[in-house]
2 protein chains.
Amino acid sequence: MSDTAASIMLVDDHPLLRKGLKQLISLEDGLEVVAECSNGADALVRAEELDPDLIILDLNMQGMDGLETLKRMRDNGVTSRIVMLTVSDADEDVVTAITNGADGYLLKDMDPELLLEQIQRAVDGKMVLSEAITEVLATALRRPSAPTASKLDGLTNREREILELIAKGMSNKVIARELDISDGTVKVHVKHLLKKLGLRSRVEAAVWMVNQDT
Amino acid sequence: MSDTAASIMLVDDHPLLRKGLKQLISLEDGLEVVAECSNGADALVRAEELDPDLIILDLNMQGMDGLETLKRMRDNGVTSRIVMLTVSDADEDVVTAITNGADGYLLKDMDPELLLEQIQRAVDGKMVLSEAITEVLATALRRPSAPTASKLDGLTNREREILELIAKGMSNKVIARELDISDGTVKVHVKHLLKKLGLRSRVEAAVWMVNQDT
DNA sequence: GTAAAACTACCCCTTTTGGGTTAGATTGCG
DNA sequence: CGCAATCTAACCCAAAAGGGGTAGTTTTAC
């Protein structure tokens, strides 16, 4: 390959995990961690700045989550290979991650040696997926209709945001102040999300939503 | 303290995190990781076998979880100091962990230096709690009363009944048909139960109720 | 580039909700 | 028995919610 070590950037809000990962990577000649970020926003800046060969991105981060970070990176024209790293063993996020431009999806509880191997493969330009994940992907692709299709996906960001506030019991007026838009606009969004969800009132929406993330 | 290093056992199903933690601990003179376990069952055996000075126990493990492992260890007569390590930032598990004999409760996203410091303190026999956790504990201990004293008890049967229907998303009219009374009467009950619960809308009531029987 | 979608905001209107009051019927308790 | 609480129901009224429309701006997609 090249004569210089491949540059890797780590993005994870757990310092411990970064430490472990960094140490693991340092064991391998030809791989070098050039940056560590603890959040998505920081990662966006550093990614453009450094243009690393590989970005290892935690999926479950506070603030901007991994998927959002991934999406924005690709929007910003980041061409680095990006591998998602996550705790969850069987997640619907796999599909989203892949379609949003991820080059791999690995699990944190993998065997370190295997993980290192996969990282190396990712650097080499291959797509890497945990075994548990390939099944999820397979089944997801097997039924293109509605495996992961929560009704939530039919909503726009704003609608989803407002739905969450409704699920906290807020009125349109309060939501309007919260989001700094007019309450008339909030009503529009509520109207739309109710229609999309096939519900007849904000109470139904609230109940549905609260039961949703159970 | 003693002239030999304190023995520490790590229990976590994420190899990477164990690696990071082990490396972190190795930085400190006087601390030594003598065992690593990836699951609770294994941990039970090794704990009795080794009787380490400190056991760092992951709360969120597959199979036997951290709390169960903790409980069984104490049942088995393990006297090692045990510190729980977890991802969750504000968990009700804190109380359970402490009452079940944990000597500390730390968060995985703590600053490594601070974490190391806390581990040292745990070895020294002190109880260690993350800052975010102390608040949870405090509030939990502040109201040891109210075990059965739910606000629900302040409601009449009819009001409670109607509240439950509201929590299903029903409108006053639907509830009226359901209970075979006039919708005007339903409004009266709703009015009263809102006042008793200190809520401002049926949406708040619905959300409160749904979260109640969680 | 254009086209589509999303977000914003207003208009109209009806229905629903919440709060206040009064009041009859029923039930439970001392 | 009387009295309090509950359940029922009606009245009025203001506020909120929901459904329809139009329309301008921005973002996104192709």
Side-chain angles (χ1 to χ4, degrees), chain A residues 44 64 67-78 96 98-101 149 151-210, chain B residues 151-210:
Chain A
L44 280 179
M64 193 192 308
L67 286 178
E68 181 69 18
T69 307
L70 168 66
K71 196 166 179 306
R72 294 222 205 162
M73 279 182 178
R74 289 309 189 201
D75 285 349
N76 290 358
V78 170
T96 317
I98 301 295
T99 56
N100 279 4
K151 289 181 184 172
L152 269 179
D153 298 341
L155 303 183
T156 67
N157 290 332
R158 205 48 152 177
E159 288 163 355
R160 212 173 303 119
E161 190 174 15
I162 288 179
L163 176 56
E164 276 162 16
L165 296 180
I166 289 178
K168 287 185 180 172
M170 296 185 186
S171 69
N172 289 338
K173 204 174 288 182
V174 174
I175 293 175
R177 273 200 291 273
E178 177 80 16
L179 300 181
D180 202 32
I181 56 181
S182 87
D183 55 337
T185 300
V186 175
K187 286 177 64 174
V188 174
H189 289 306
V190 172
K191 190 193 312 181
H192 290 162
L193 71 88
L194 285 180
K195 187 157 219 166
K196 286 183 182 176
L197 295 176
L199 301 174
R200 285 175 301 286
S201 74
R202 68 196 298 105
V203 188
E204 285 188 10
V207 173
W208 180 83
M209 188 61 189
V210 172
Chain B
K151 289 181 185 173
L152 270 177
D153 298 341
L155 303 184
T156 67
N157 290 332
R158 206 48 154 175
E159 288 162 355
R160 212 173 304 119
E161 191 173 14
I162 288 179
L163 176 55
E164 276 162 15
L165 296 181
I166 288 178
K168 288 183 180 173
M170 296 184 186
S171 71
N172 290 338
K173 204 173 286 183
V174 174
I175 293 175
R177 274 200 291 273
E178 178 80 15
L179 299 180
D180 202 33
I181 56 180
S182 86
D183 56 338
T185 300
V186 175
K187 285 177 62 175
V188 175
H189 291 307
V190 172
K191 190 191 314 181
H192 290 160
L193 72 87
L194 284 181
K195 187 157 219 166
K196 287 182 180 176
L197 294 177
L199 301 175
R200 286 177 300 285
S201 74
R202 68 198 296 104
V203 187
E204 285 188 9
V207 173
W208 181 82
M209 188 63 188
V210 172

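Chain letters run A, B, ... following the sequence lines, proteins first, then strands; residues in each count from 1. Here the structure is a predicted model, which means the values were calculated and not measured.
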Collect all protein-nucleotide pairs involving nucleotides 21-28 of chain D in which both atoms are nitrogen or oxygen and the distance is under 3.5 Å.
none

Task: Partner set under side-chain hydrogen bond (donor to acceptor under 3.5 Å, both in side chains) for B/Thr185, not counting sequence neighbours - done: B/Ser182
Task: D/dG18 OP1/OP2 closer than 4.0 Å to side-chain N/O of A/Arg200 - done: no
Open item on the list: For a quick check, with a 4.0 angstrom heavy-atom cut-off, what is the B/S/- contact string for nucleotides 25-30 of chain C, read 5' to 3'?
Closed with: ------
Task: Listed partners of B/Leu194 passing side chain to side chain contact (heavy atoms under 4.5 Å, CB included), at least two apart - done: B/Val190, B/Leu199, B/Ala205
Task: Degree of bending in the helix from C/dG1-D/dC30 to C/dG30-D/dC1 once both end axes are built from five pairs, to 10° - done: 60°
TODO: State which residues pass salt bridge (charged side-chain N to carboxylate O under 4.0 Å, His left out) with B/Arg160; sequence neighbours excluded, sorted by chain then number.
DONE: none
Open item on the list: Show every salt bridge (charged side-chain N to carboxylate O under 4.0 Å, His left out) that has at least one partner inside residues 172-195 of chain B, sequence neighbours left out.
Closed with: none
Open item on the list: Run the side-chain hydrogen bond (donor to acceptor under 3.5 Å, both in side chains) test against B/Glu164 and tell me which residues pass, sequence neighbours left out.
Closed with: none
Task: Set of side chain to side chain contact (heavy atoms under 4.5 Å, CB included) partners for B/Thr156, sequence neighbours left out - done: B/Arg158, B/Glu159, B/Lys196
- [ ] For DNA chain D, find the residues of residues 159-185 of chain A with a heavy-atom distance under 4.0 Å and give them by number; none if there aren't any.
- [x] A/Ser171, A/Asn172, A/Lys173
Open item on the list: List the residues meeting side chain to side chain contact (heavy atoms under 4.5 Å, CB included) with A/Ile175, not counting sequence neighbours, and say none if there are none.
Closed with: A/Ile162, A/Leu165, A/Ile166, A/Met170, A/Leu179, A/Val186, A/Arg202
